Chemist: 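I'd like to ask some things about the structure below.
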Amino acid sequence: MRDPVLLVIAHGSRDPRHAQAVHALVRRVRSLRPGVRVETGFLDFNVPSVQGVLESLAAEGVRDVVALPLLLTRAFHAKADIPAVLRDAPPRLRIRQAEVLGPSPLLLSALERRLYEAGLAPADKSSTGVVLASAGSTDPEAIAVIADIAREWRHTGWCAVRPAFASASLPRTEDAVRELRALGCAKVAVAPYVLAPGFLPDRIARGAAGADVLADVLGPAPEVARVLLERYDAARVPVLSAVGA
């Protein structure tokens, strides 16, 4: 029995760096699980579209698909946009929507990896305040998740961790940087909790001007690829059970 196709659903962006980062992440996923077919579809701006990929898969005779939102929180896209697109899929396809990537301890590991790659040392941890900078959302659930992640991360040994948002919510990155300075943290670092470059990550970077360290976006970090496969595995079991029923 073939494994379900993994369809990674990305938001899309006019910024070409976004698609480049998505494709790099998908390549890493394929390298970790060569027996699984992995496709990529975009909701907007980039091709192929999610609908186009689904129609192509159906035309090939594919039956089972796991649709995985390339999102860090369950906000509007995960709750409304993606289910709407999947409802319009060809009827021969059996599709399960996987959970979003966050929260996950692996993502915290990826954030720390990016901070150390940007110049922090493990010995700096207890004296460094970190801004957990996300894109932002109008969804209260998504905002609460970011706040919870910041609290959890603080307990791993950082001087302090503060959430910040590039849009829709407050505080902004620059405000959180100033707050950590006022707390007396010897160093301040900004960790973008975003998957790919683009307009909002650039806003985070501008807000990090007063920080000592700005980490890169998560991108194709190996930990992120592992989370994708965890979400895929959790979603595929009911698909396979349904097939055998």
Side-chain angles (χ1 to χ4, degrees), residues 4-30 36-60 62 64-104 107 134-143 145-146 165-169 192-204 217-220 224-225 227-229 231-232 234-236 239:
V5 171
L6 169 55
L7 172 57
V8 176
I9 301 179
H11 182 273
S13 171
R14 293 186 178 90
D15 189 323
R17 297 173 298 166
H18 174 89
Q20 291 168 5
V22 170
H23 291 311
L25 176 58
V26 169
R27 286 194 296 271
R28 187 178 288 276
V29 172
R30 289 182 179 132
V36 173
R37 179 176 176 180
V38 186
E39 300 290 343
T40 308
F42 295 90
L43 291 173
D44 207 353
F45 301 117
N46 301 102
V47 292
S49 68
V50 175
Q51 188 65 33
V53 174
L54 291 171
E55 290 173 356
S56 295
L57 292 173
E60 291 177 29
V62 170
D64 297 305
V65 177
V66 170
L68 194 154
L70 198 59
L71 301 168
L72 294 171
T73 59
R74 271 184 49 79
F76 180 78
H77 295 303
K79 294 177 179 178
D81 283 357
I82 291 175
V85 172
L86 298 181
R87 282 194 295 269
D88 290 336
R92 70 166 286 117
L93 294 175
R94 293 179 291 201
I95 304 174
R96 285 191 65 86
Q97 181 176 328
E99 292 296 327
V100 298
L101 302 184
S104 167
L107 294 178
S134 75
S137 173
T138 57
D139 189 307
E141 178 187 350
I143 297 304
V145 166
I146 299 300
F165 308 94
S167 68
S169 305
Y193 190 59
V194 293
L195 288 166
F199 176 76
L200 293 179
D202 284 349
R203 180 178 287 177
I204 290 171
V217 299
L218 293 172
V224 179
V227 176
L228 260 74
L229 289 172
R231 299 294 184 257
Y232 168 78
R236 69 191 285 266
V239 171

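Atom set for the values below is all heavy atoms of this structure, side chains included, hydrogens, waters and symmetry mates excluded. Predicted model, so just to flag it, every value in this text is computed and none were measured.
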Chemist: Taking C-beta and beyond as the side chain, do R231 and S104 meet within less than 4.5 Å on heavy atoms?
Modeler: yes

Chemist: Going by salt bridge (Lys or Arg N to Asp or Glu O under 4.0 Å), name the pairs with one or both residues in residues 4-15, residues two or more places apart or in two chains.
Modeler: D15-R17

Chemist: Could you tell me whether a side-chain N or O of T40 sits under 3.5 Å from a main-chain N or O of V8, the two making a donor and an acceptor?
Modeler: no

Chemist: Among R94, R236, R96, which one satisfies salt bridge (Lys or Arg N to Asp or Glu O under 4.0 Å) with D64?
Modeler: R94

Chemist: If I compare all heavy atoms of S49 with all of G52, which pair ends up nearest, and what's the gap?
Modeler: OG-N, 2.9 Å

Chemist: Is there a side-chain contact between L25 and L70, using heavy atoms and a 4.5 Å cut-off?
Modeler: yes

Chemist: Hey, does V194 have a side-chain heavy atom less than 4.5 Å from the side chain of L200?
Modeler: no

Chemist: Yes or no on side-chain contact (heavy atoms from CB on, under 4.5 Å) for V29 and L229, after CA distance, side-chain angles and deciding distance?
Modeler: CA-CA 7 Å; V29 172; L229 289 172; 3.8 Å; yes

Chemist: Donor-acceptor check, side chain of R30 to backbone of V38, threshold 3.5 angstrom: yes or no?
Modeler: yes

Chemist: Test T73 against V100 for side-chain contact (heavy atoms from CB on, under 4.5 Å), laying out the working first.
Modeler: CA-CA 6 Å; T73 59; V100 298; 5.6 Å; no

Chemist: Which pair of non-hydrogen atoms, one from P192 and one from I204, has the smallest distance, and what is that distance?
Modeler: CG-CG2, 4.3 Å

Chemist: What's the shortest heavy-atom distance between V66 and A98, and which atoms?
Modeler: CG1-CB, 4.0 Å

Chemist: Please confirm whether the backbone N or O of S13 pairs with a side-chain atom of N46, one donor and one acceptor, at under 3.5 Å?
Modeler: yes

Chemist: Considering only heavy atoms from C-beta outward, does the side chain of F42 approach that of V47 to under 4.5 Å?
Modeler: no

Chemist: Checking side chain to side chain contact (heavy atoms under 4.5 Å, CB included) between V62 and each of L54, L7, L57, which is the one that passes?
Modeler: L57

Chemist: Within the distance-only criterion (no hydrogens, no angle test), does the side chain of Q97 pair as donor or acceptor with the backbone N or O of A78 below 3.5 angstrom?
Modeler: yes

Chemist: To check you understand the geometry: which heavy-atom pair defines the closest contact between A168 and G136, and what is its length?
Modeler: CB-C, 4.4 Å

Chemist: What's the spacing between E39 CD and L6 CG if we round to 0.5 Å?
Modeler: 9.5 Å

Chemist: Identify every side-chain donor-acceptor pair in residues 81-91 under 3.5 Å, counting partners at least two apart or on other chains, and give the distances.
Modeler:
residue, atom, partner, partner atom, Å
D81, OD2, H77, ND1, 2.7

Chemist: Locate the shortest heavy-atom distance separating P103 from V145; write the atom from each residue and the value.
Modeler: CD-CG1, 4.3 Å

Chemist: Start with the C-alpha gap between V217 and L195, add the side-chain angles, then the distance that decides, and say whether side-chain contact (heavy atoms from CB on, under 4.5 Å) holds.
Modeler: CA-CA 6 Å; V217 299; L195 288 166; over 6 Å; no

Chemist: Test side-chain contact (heavy atoms from CB on, under 4.5 Å) on V26 and L228 and set out the steps.
Modeler: CA-CA 9 Å; V26 169; L228 260 74; 5.6 Å; no

Chemist: Could you check I146, L101, V227 and say which one makes a side chain to side chain contact (heavy atoms under 4.5 Å, CB included) with L72?
Modeler: L101

Chemist: So, do S137 and F165 sit near enough that their side-chain heavy atoms are less than 4.5 Å apart?
Modeler: no

Chemist: How are the rings of H11 and H18 set relative to one another: parallel (under 30°), tilted (30 to 60°) or perpendicular (over 60°)?
Modeler: perpendicular

